[in-house]
Amino acid sequence: MNINNIELNKIHESLWEIPKHGGMRVPGRIYISENMMQNSLQNDDALKQVINVAHLPGIQKFSLAMPDIHWGYGFPIGGVAATSVEDGVISPGGVGYDINCGVRIASTSLSLDEVQNRIPKLIENLFKKIPTGVGSSGAIKMLSKADVKNILTKGSAWAVENEFGNKNDIEFTEESGCMKEAYVHSVSERAIERGLDQAGTLGSGNHFLEVGVVENIFNDAAAQTMGLFKNQIVVMIHTGSRGLGYQVCEDYLKILHRTSEKFGFDLPDKQLICAPLNSQEGKDYFTAMKCAANFAWNNRQIIMELARRAFKSTFSISDEELAFNLIYDVSHNIAKIEDHSIDGKLRKVCVHRKGATRAFPPGSSQIPRKYLEIGQPVLIPGDMGRYSFIAVGTAKAMDETFGSSCHGAGRIRSRNKALELGKHRDIISELRQRGIVVQAKGKKTLAEEMSYAYKDVKDVVDVMDSAGIINKVAKIKPLGVIKG
DNA sequence: ATGTTC
């Protein structure tokens with residue numbers, strides 16, 4: 001197969017390999033179907049980026065990409081790269097600008113027939129309570145710098161200490177909502193200032209809060225363990241570290257650019273800028289990244305609590321009656337030190353997941369005890385007009401992809417192209433006709449985020465499921481969305 | 001993704 005002048009060998013129907021050539025240290029591997037490759041990668045430099053990432057010092061096994069792959073800064077979105085902690089590098093481009101962008105899904109006790117005609121009111125209340133849009137602020141009173149520094153150190157626990165949620169929410173958050181060794185001295189004053197009024201804000205772009213209904217269940221046992229049932233109302237939240245995380249990324253791209261010569265790496269793209277994990281610069285970026293990650297988890301935690309309150313007031317019910325419980329919270333833009341089997345030996349590597357979700361298997365010590373037998377919940381939102389999926393990780397993911405899977409539908413049209421298509425259409429009415437209530441700050445964002453801008457997430461999920469990397473559990477259909 | 005070109 002040849003795509004965009006890149007030769008790929010077929011490993012099986014859902015997996016393709018770019019053989020090691022030139023300065024590549026490892027081969028590239030892309031989980032995708034032939035159809036999707038033809039349709040989405042002909043005019044996209046993302047495969048070239050898979051090759052570029054394979055040049056990184058210390059990269060292990062493969063430069064990986066998931067079926068939602070598309071072009072990103074340096075690394076493709078939908079990319080996974082693991083580097084040796086001894087002689088490997090860490091790269092901000094392998095994490096992305098929105099550090100710890102991620103998704104959480106909460107269950108409720110409500111079923112569709114109980115609430116169907118009150119969805120517009122619910123969405124209105126959610127939209128009032130949760131700030132959305134670029135520069136959105138003011139979910140909670142303006143924080144002090146000391147407060148923000150506490151958030152950077154504590155993550156979700158800060159929200160819970162301030163009555164935004166409970167201990168159960170922490171238990172069902174990846175990393176318990178807090179990466180250790182997050183030292184605030186590595187984060188610039190400017191980044192902290194940008195975070196002062198952004199705790200508990202949704203942001204813009206593809207970020208959203210969605211009220212959905214469980215439409216299909218593929219795995220009864222796993223669904224039951226997660227507390228899912230057919231026609232159940234659930235809530236999905238997709239956001240990240242806002243301006244604070246953006247600033248951390250920008251700060252360190254500049255710092256690493258200044259110091260790049262001293263490491264003497266010969267890399268095919270300046271955007272792959274990186275530092276050895278054991279250098280001061282590498283350690284500083286990593287600890288700043290952890291601070292931003294903790295800010296993002298706290299952000300999703302606060303938003304979840306604001307949503308919980310909006311549900312309670314809209315339906316006049318108690319916490320007990322509502323049972324607004326976190327199923328799980330995953331990060332899909334992050335770098336983490338993990339143990340993985342390489343050449344038959346367990347080794348410590350830095351796994352960069354950029355637009356890729358962790359997908360740890362049954363029995364993992366890193367997942368909530370409740371999910372020990374089913375594996376880690378993998379949350380895969382689609383576009384706002386179609387549907388989303390919940391899946392679980394597998395042992396095969398651990399063997400093949402450093403315990404990683406896809407993170408969403410994957411863009412197929414640029415924001416500009418999507419805007420062209422959508423700007424003369426009444427997207428709110430179109431969605432309403434499909435049974436989806438939308439409230440959004442900007443019409444521009446809606447046009448950029450319509451279904452035609454994305455692949456069908458079902459195709460993406462089916463590739464990962466058929467490759468055995470995840471197992472599908474449930475499909476969620478949107479009823480109402482708030483966006484930036 | 002982003003006080004959407006300090």
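Predicted, not measured: the structure shown is a model, and the values here were computed from it. Naming convention: chains lettered A, B, ... in sequence-line order (proteins, then strands); numbering from 1 in each chain.
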**Message:** Any carboxylate oxygen within less than 4.0 angstrom of a Lys/Arg side-chain nitrogen, looking at A:Arg308 and A:Asp169?
**Reply:** yes
**Item:** Salt bridge flag under 4.0 Å for residues A:Lys141 and A:Asp197
**Value:** no
Donor-acceptor pair between [X] and [Y] side chains, under 3.5 angstrom:
X        : Y        : value
A:His407 : A:Asn333 : no
A:Asp251 : A:Tyr246 : no
A:Arg411 : A:Ser40  : no

How many Å lie between [atom1] on [X] and [atom2] on [N], as a whole number?
X        : N     : atom1 : atom2 : result
A:Asn100 : B:dT2 : CG    : P     : 13 Å
A:His207 : B:dT2 : NE2   : C1'   : 10 Å
A:Glu448 : B:dT4 : CD    : P     : 14 Å
A:Leu446 : B:dT4 : CG    : P     : 20 Å
A:Gln198 : B:dT2 : CD    : P     : 8 Å
A:Glu193 : B:dC6 : CD    : P     : 16 Å
A:Leu419 : B:dT4 : CG    : P     : 17 Å
A:Lys254 : B:dT2 : NZ    : C1'   : 13 Å

**Request:** Ignoring backbone atoms, test whether A:Arg242 places a side-chain nitrogen or oxygen under 4.0 Å from the OP1 or OP2 oxygen of B:dT2.
**Result:** yes
**Message:** Let's test your reading of the pairing rules: Watson-Crick or G-U wobble, both distances under 3.5 Å, then write DNA chain B as a dot-bracket string with ( ), [ ], | and dots.
**Reply:** ......
**Request:** Please confirm whether A:Arg358 makes a cation-pi placement over A:Phe360, using NZ or CZ under 6.0 Å from the six-membered ring centre and within 45° of the ring normal.
**Result:** yes
**Request:** Answer yes or no for A:Lys458 and A:Tyr387: cation-pi contact, defined as NZ/CZ to six-membered ring centre under 6.0 Å and angle to ring axis within 45°.
**Result:** no
Under 4.0 Å between any heavy atoms, over every strand shown, what does [X] touch: base, sugar-phosphate, or nothing? Just pick one.
X        : result
A:Gly243 : sugar-phosphate
A:Arg190 : base
A:Ser204 : sugar-phosphate

